[in-house]
Amino acid sequence: MSILQFLSDSLRNGVHRIGQIEIQTNDSIDQIQLVHVDDIPLAAQPDQGGLKVHRDPEAARDLSTFSEDGEYRFTKGQTNLRRGWLMELSSLDELRRALDLFYPAALGLLAAQKEGRLEIEHLRDKLNRQTGMYRFARTISDAGAQQLVREVCGPAHQCAKRILWQLDATTSLEDSDASRYSGIPGDIVESEAFPLLCREACNHFVAECRKVSKAEADRAKA
Amino acid sequence: MPLAPKPESALFIVGHGSTENPDSSTPYFDHADEIRRRGLFKEVHCCFWKEEPSFREAWYLTDCQEIYVVPDFISEGYFTQDIIPREFGLTGPTSDIRGKTFHYCQPVGVHASMTGLLLRRAREVAPGIDPASTTLVITGHGTGLNQNSTKAIRDQVDLIAASGAGYAKVTDAYMEEQPFIARWDELAPTGNVVVVPFFISDGAHSYQDIPVLLGIEPEVGLAASQREIFRHNPHHLRGKTLFYSSAIGTERHLADVILDQVADFDARRALATA
Ligand code: SF4
């Protein structure tokens with residue numbers, strides 16, 4: 001199934017949310033509105049509550065680059081998407097382009113998962129192919145990595161993604177709010193949202209692994 | 001030769017990206033936008049080493065079976081020869097990866113059409129200035145680690161010198177090796193000097209480090225003023241008139257070079273199978 005087909009089937013089956021974005025469409029999916037979940041009431045007002053209207057899907061890049069407080073969102077699963085905008089699009093293709101900028105590859109990963117074609121990358125594999133200064137990340141202990149998942153991932157730490165990876169093929173993640181998270185932030189039934197998937201640890205997680213590895217090595221020396 | 005449309009294929013523009021500086025990936029998105037507007041490919045995507053979507057997730061981005069991968073990099077080197085092939089799972093110029101065909105093109109910076117781009121940028125940054133009284137300096141990082149980026153710049157210098165553009169002198173210069181960009185005034189026999197950084201994006205090198213080495217800025221400045229660096233031409237310094245350009249990769253016409261690399265790939269492939 002193509003990504004476009006997956007997207008249109010899902011919308012027709014009642015999916016209307018991805019991450020912090022509400023997707024509102026008409027039946028023929030040629031009038032589409034994207035809005036931050038917290039701005040849904042504003043968007044319903046006659047003057048659209050003063051939200052700034054965008055009609056170019058490429059605007060999604062600028063809208064998703066910085067959080068409200070100016071933090072650079074290089075990991076797009078962060079639950080700090082800016083508010084105050086509304087995007088009006090007129091085709092499925094435009095919608096897909098916008099969503100690919102808001103949540104890169106999210107739809108493609110879901111479509112592949114649905115067909116059993118999604119390949120997961122476990123943490124050890126990811127760490128073992130780090131180079132340069134991140135090479136050091138690979139020496140992190142299992143316990144250190146398990147602890148990091150609790151400290152870095154999950155909505156308590158502003159990440160909305162559902163973790164699919166394990167430490168390695170035989171070592172699953174210890175149960176925690178983060179490891180168990182659905183990938184669907186906010187209050188919505190699961191069948192109405194696209195979950196955000198984490199198929200490999202992000203660069204932020206790898207950078208944190210490196211710090212823990214170093215601390216572990218220092219402790220061993222002390 | 002203009003590229004024939006490929007309505008069934010996808011184009012992947014591959015960049016480095018940054019976890020600290022969002023400006024670093026802006027040119028890649030701009031180039032993708034420009035190419036998308038021309039309607040030559042069914043899909044155009046960017047993917048990055050340090051940003052999302054990652055190289056490993058790129059496979060999932062597209063519905064197309066055939067994908068052209070163009071490294072939006074300035075030279076051959078570690079990234080284009082090791083990292084990108086490894087992360088994508090490429091095995092040669094054309095690779096079949098889980099049912100999709102990937103064509104791996106050469107990086108933009110080594111294409112001969114970069115010469116035209118550099119000349120255009122040099123003219124734009126110093127409008128109305130006679131090349132005969134001007135030294136053109138193409139500058140890069142230059143370290144022992146990546147000889148190829150130095151070579152890419154030297155090749156461009158030779159091509160510009162041979163192009164008949166009429167510059168009194170064309171030279172390369174580097175942040176960390178001879179000839180040093182910090183000594184630009186000694187490298188230039190002329191009163192006018194145009195400096196074009198041979199990088200894809202305006203990162204710390206082009207808006208902080210090089211301006212300090214040139215003497216435009218007293219010290220590595222605040223990121224907030226980064227764009228200003230390129231607006232204050234010309235600079236009257238060390239008895240000369242200096243024009244400083246933003247990174248060559250930020251040039252809109254770099255989109256043409258990306259397409260040139262795709263066309264070259266096809267031409268090489270046609271030759272190989274002829
Ligand atoms: S590794 Fe953790 S923090 Fe990073 S994207 Fe995945 S779930 Fe989020």
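Values in this document were obtained by computation on a predicted structure and should not be read as measured data. Order of the sequence lines sets the chain letters (A, B, ...), proteins ahead of strands, with each chain counted from 1.
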Exercise for review: Could you check if a side-chain atom of A/T131 sits within less than 4.5 angstrom of a side-chain atom of B/D82, using non-hydrogen atoms only?
Suggested key: no
Exercise for review: Give a yes or no on whether a salt bridge exists between A/K76 and B/E51, defined as a side-chain N under 4.0 angstrom from a carboxylate O.
Suggested key: no
Practice item. Before giving the answer on salt bridge (Lys or Arg N to Asp or Glu O under 4.0 Å), spell out for B/R56 and A/E119 the whole-Å C-alpha distance, their side-chain angles and the decisive distance to 0.1 Å. Key: CA-CA 10 Å; B/R56 294 254 163 164; A/E119 294 194 352; over 6 Å; no
Point to revise | Max heavy-atom pair count under 4.5 Å with chain A, selected residue of B/T62, B/D33, B/D63 | key: B/D63
Point to revise | Distance-only donor-acceptor check, side chains A/Y72 and B/S18, under 3.5 Å | key: no
Exercise for review: Would you indicate whether the side-chain heavy atoms of B/Y60 and A/Q113 approach each other to under 4.5 Å?
Suggested key: no
Point to revise | Check: A/P104 and B/E57 side chains under 4.5 Å, non-hydrogen atoms | key: no
Practice item. Spell out, as yes or no, whether a donor-acceptor pair under 3.5 Å connects the side chain of A/R129 to the backbone of B/E87. Key: no
Check your understanding: Please walk me through it: do A/R97 and B/E43 pass salt bridge (Lys or Arg N to Asp or Glu O under 4.0 Å)?
Key -> CA-CA 9 Å; A/R97 261 160 49 208; B/E43 298 180 24; over 6 Å; no
Practice item. Quick one: closest heavy-atom pair of B/T26 and A/R61, and the distance? Key: OG1-NH1, 3.1 Å
Review point. Should the heavy atoms of other residues, nucleotides or ligands under 6.0 Å from CD of B/E124 be counted, would the total exceed 12?
Key: yes
Practice item. Give, as side chain, backbone, both or neither, the part of A/Y134 having an atom under 4.5 angstrom from any heavy atom of chain B. Key: side chain
Point to revise | Between B/E52 and A/T75: side-chain donor-acceptor atoms closer than 3.5 Å | key: no
